[in-house]
Each structure stands twice: as structure tokens, then as C-alpha cells.
Protein chains: 2
Amino acid sequence: MGITERKEREREEMRHLILQAAQKLFLENGFEKTSIRSIADAIEYSPATIYLYFKDKNELFLALHILAFEKMMVEFAVVATIADPFERLVALGRQYIKFAIENPELYDLMFLMQAPMEALACRDEVWEDGMKSFDFLRLILTECMDKGIFRNDLELDSTCLTVWSYMHGLVTIYLKKRMDMFEDGQQMQRMEESFRIFIEMLKASFK
Amino acid sequence: MGITERKEREREEMRHLILQAAQKLFLENGFEKTSIRSIADAIEYSPATIYLYFKDKNELFLALHILAFEKMMVEFAVVATIADPFERLVALGRQYIKFAIENPELYDLMFLMQAPMEALACRDEVWEDGMKSFDFLRLILTECMDKGIFRNDLELDSTCLTVWSYMHGLVTIYLKKRMDMFEDGQQMQRMEESFRIFIEMLKASFK
DNA sequence: TGTTTTTACTAAACACTGTTTAGTATATTT
DNA sequence: AAATATACTAAACAGTGTTTAGTAAAAACA
């Protein structure tokens, strides 16, 4: 009998429906204005129904967080075609900035909000999405080191952390409106120039 | 007649009382659990009273944000005694990490939360506190460049932004629990190692 | 001094929020 | 056909930021 299968399918469809509505509201109005009630309204169900498919708001945000990482990884994939690992690293950096600026709410959810991390902590799970993207960077840096572009006496993971920290800091300062020391119209150029300086620093630090 | 003076003094005292209670609750329970009502309870006044002294919660958070910057600048002052500008820069970096780790809620308020920036935007004011601390970094980097430690063909402000971005990114990744790719006990060592790598990069990038 | 005006404050309400509970139709199984 | 399980919801609970209308006390004015 296929009833249990159909029920499981229907359950999955409902989860998908909730998630799609949540994502839409999230991207349109920001996460502060996305309430359980507004999601329920959008799909024409009662707020209580959402709790039959997600334990709480953290779980819902974790699901959105996973979708966001999928989106980012798809956008990152375009750099894979670049043969030279250092050029690939630079291209990845530009993609990272691009993604953050074009998806500020998603970036927040992925790297700043505590909601998804709390959901993971409740489940005793590790941050798989974060680790996967960290691996993506690690692979590129490994190639750079192997090709002798970088000095390889530096610990790989800590070097990855250094690169990511810079990128994360740069876009976070921008997204969180902490770039007021530069005129409004020049903030993007400043980011560009800072990025070039960092790339120069990376290059220069490896004979 | 000194009545208006006394009234002004009393008004200032009340603002201070509210701010002290707010800061206490903020540091003890985090900003998410610090409500206008809980502050009102703590000082034994009605919630509506707080609105006679602060326009809204953003204004209240802006006031706390200013106090937080004062605290940070006091802690930064200790590096001023270091003669060598590069050593001073390294010491400032360590102070920055120390401050962020010891005052995670304050760091959030200063560099991530939108509340204080919204209050500033309402008032049409610039982010003076941020600019002052940026100047502090700029001064040190200027000295480094003057003494020939750094190449000085790089734009000063963009170089400052690069250094700050790295520091900000590093501590934010840590504070926002995004360092799960490293075991719990080794996260501090990883930060230390990354910091050393960044310092090496800075050194190496200037002949 | 007595009267009017201003000041300081609050109770209560408004419109929200996440979440839980108890109950109701419908679908499935026995 | 009766019993059980499923899917869903109305209503409530305990919060949130904020506003409004009203009240005592203080200050200013006559």
C-alpha cells in the first residue's frame, strides 16, 4: 500500500510550501519582519500548522540557511574553470563579495545570525555547510601552496581562516553600515582597493 | 533662580539611572532579553517613563553604544606607550581580540547591530565613534609608513580598512560560533595562529 | 495668598511576537 | 460500522515596543 509513501510525499510538499513562502518573505522584507504568522498568512494556514513541520523558528531558519549555502555554492562553481589556483582564489574572493552584497539577508542568516547555529546545537550536529565551503577554500589554497605560489610552512587551516576572516570582515563592515568613514558613493571603490591590497599582501608574503 | 538648572540636573540623573540599569541588564542577559519593561522594572518606574528620556529603543542602544566605545578606547590606550609603531599595531590587534572576546555583547552593539546606526541615521549624524577608532588605527599605520616599515604607495585609508576587516572578520567568526571546523578547545589557538600569519603577511608585504 | 499652567509620571491599551493547548473535522485502519 | 490516527485550527499565554489619556505634584503667575 502506497498510503504512507503518499503521506510522506505530502509532508515533504508542505515543508517545501512553508519554506518557499518563508524564503520569499525573508528576501522581500528581511528576517526581522518575517514572522511565523506572516508565513502562515502567506500560505493560508494557521500559525500552529507550521509547528507540525518545524520544531521552532530556529529550525525553520536553519532550513533557509541550508538553501542559502546551496545558492552560494552554485555561484562559486563558476570559478572552478579557472586553471591557475591563485587566479581562482582571487575570483572566489570577488564572488564572495558579490554574493554578500547581492544577498545581504542571506549572508546575515549564513554567517551572523544565531538562530541556525542554535538549531544545530540542539540537534548536536556540526556546521556542515560552513565546513563544506571552508573546504572549498582549503582546496584552492592547497593548490596554491603545492604550486609554490605560497610558502607552505604556514599551517593550511589557519591560513584559510586568515583569508576568510578578511573577506568576512570586509563585507560585514559594509553590510552593517560601518563604512561611514568613506563617502557613500566611494564605499564600493574602497572595498575594491582594500581587496587589491589584500591580494597584494597575499602575493608578497610568498617569495 | 536655579530651578531650571536643578531640573536639568535631575533629568540628566534620570537618563544616567536608565542607562546604568540598561547596561547592567544588557551585560548580564544579552540584548535580546533586555526589554524596555525589564529596564523599567529594574529602576522601579513605568515603561512609559523611559520614553520621556529616550525617543525609542534605538536611541537607548545608541547611548549604550557610545559608552561601549569609551570603554574600548580606554583599553586601547595602554598600547600608546609602545614606541615602535609596528609593535604598537600588533599590540592593538591583540587588544582588539581581547576586548571582543571579553565583551561579546558590547562588540555586537558596536559593530553588528543595526539599532545604533538607525538612531544615527534618524538624527542625520555620522558615526563619530567609529571614525574616532578608525583614526586611532590610521595614526599608527601612518607612523609605520613614515618609518618605512610599510610601503607607502598603498592608499592609507584602504590599508586601514584591510587591517580592520581582517580583525573584525576574525573575531566575528569566533563570536558568532562559526569556528566549528576547529575543535572547541583549539579555537583560541587557531585565532592566535591566524593572527600571527596576518602579522607576517603585513611584515612581508613591505620590503 | 490663591489660581493657573507646566512638569513628571503611569495605567491601560494597541498591535505585534513565538509558542502551546485543547478540540475538531477528516482520513485511515480495524 | 466503529475505533483510531492524522491534519489542522481557534484561542490562549506570556512576552515585545510604543502611544494615549489621565493624574497628581510642582512651578509660575496673579
Side-chain angles (χ1 to χ4, degrees), chain A residues 1-19 21-22 25-26 28-65 109 113-119 122, chain B residues 1-19 21-22 25-26 28-65 109 113-119 122:
Chain A
M1 59 169 99
I3 288 176
T4 50
E5 281 84 351
R6 194 206 68 214
K7 290 244 160 163
E8 180 55 40
R9 211 170 50 234
E10 281 174 353
R11 219 188 133 68
E12 212 47 58
E13 274 167 22
M14 189 65 174
R15 269 185 71 98
H16 191 74
L17 185 70
I18 294 168
L19 243 36
L25 290 170
F26 188 82
E28 277 172 7
N29 314 324
F31 86 92
E32 286 225 309
K33 282 173 191 159
T34 305
S35 63
I36 301 284
R37 275 176 175 80
S38 68
I39 297 166
D41 272 5
I43 58 171
E44 296 177 299
Y45 277 83
S46 130
T49 300
I50 290 173
Y51 287 87
L52 301 173
Y53 296 88
F54 295 93
K55 198 182 130 270
D56 54 24
K57 214 190 176 188
N58 286 347
E59 284 283 336
L60 188 64
F61 276 29
L62 175 60
L64 292 178
H65 158 285
L109 181 64
M113 280 180 59
Q114 87 266 66
M117 303 320 267
E118 264 172 32
C122 275
Chain B
M1 61 170 98
I3 288 177
T4 50
E5 281 84 351
R6 194 205 68 212
K7 290 243 163 167
E8 181 55 40
R9 211 169 51 232
E10 280 173 352
R11 219 188 134 68
E12 211 48 57
E13 273 167 24
M14 190 64 173
R15 268 185 72 97
H16 191 74
L17 185 71
I18 294 169
L19 242 35
L25 291 170
F26 187 81
E28 276 173 7
N29 314 324
F31 87 93
E32 287 226 306
K33 281 172 192 159
T34 305
S35 63
I36 301 284
R37 275 175 176 81
S38 68
I39 297 166
D41 271 5
I43 58 171
E44 296 177 298
Y45 277 83
S46 128
T49 300
I50 291 174
Y51 287 88
L52 301 173
Y53 296 87
F54 296 92
K55 195 183 132 270
D56 54 23
K57 214 190 176 189
N58 286 347
E59 283 283 336
L60 188 65
F61 276 28
L62 175 61
L64 292 178
H65 157 284
L109 182 64
M113 280 179 59
Q114 86 267 65
M117 303 319 267
E118 264 172 32
C122 275

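Just so it is clear: chains get the letters A, B, ... in the order the sequence lines come, proteins before strands, and each one is counted from 1.
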Of all residues at least two apart in sequence or in a different chain, which pass the salt bridge (charged side-chain N to carboxylate O under 4.0 Å, His left out) check with [X]?
{"X": "B/Glu59", "value": "B/Arg123"}
{"X": "B/Glu10", "value": "B/Arg6"}
{"X": "A/Glu32", "value": "none"}
{"X": "B/Glu13", "value": "none"}

Residues which pass ring pair (Phe, Tyr, Trp, His ring centres under 6.0 Å) with B/Phe54, listed by chain and number, not counting sequence neighbours: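 Once residues adjacent in sequence are excluded, B/Phe54 has no partner under the ring pair (Phe, Tyr, Trp, His ring centres under 6.0 Å) criterion.
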
Any A/Leu17 side-chain heavy atom under 4.5 Å of A/Met14 side chain: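 A side-chain contact under 4.5 Å exists here.
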
Qualifying side-chain hydrogen bond (donor to acceptor under 3.5 Å, both in side chains) pairs with a residue from residues 36-48 of chain B, counting only residues at least two apart or across chains: B/Ser35-B/Ser38

Can you tabulate the close N/O pairs, meaning under 3.5 Å, that link protein atoms to atoms of nucleotides 22-25 of chain C?
none

[X] [atom1] to [N] [atom2], straight-line distance once rounded to whole Å:
{"X": "A/Ile50", "N": "C/dT19", "atom1": "CD1", "atom2": "C1'", "answer": "12 Å"}
{"X": "A/Asp41", "N": "C/dC16", "atom1": "CG", "atom2": "P", "answer": "11 Å"}
{"X": "A/Glu13", "N": "D/dA7", "atom1": "CD", "atom2": "P", "answer": "13 Å"}
{"X": "A/Phe54", "N": "C/dG18", "atom1": "CZ", "atom2": "C1'", "answer": "16 Å"}
{"X": "A/Glu5", "N": "C/dT28", "atom1": "CD", "atom2": "C1'", "answer": "15 Å"}

Per-nucleotide protein contact string for nucleotides 8-19 of chain D (B base, S sugar-phosphate only, - none; heavy atom under 4.0 Å): BBB-B---BBBB

Qualifying residues under side chain to side chain contact (heavy atoms under 4.5 Å, CB included), relative to B/Met113, sequence neighbours excluded: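 B/Phe31, B/Phe61, B/Asp108, B/Leu109, B/Ala115, B/Pro116.
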
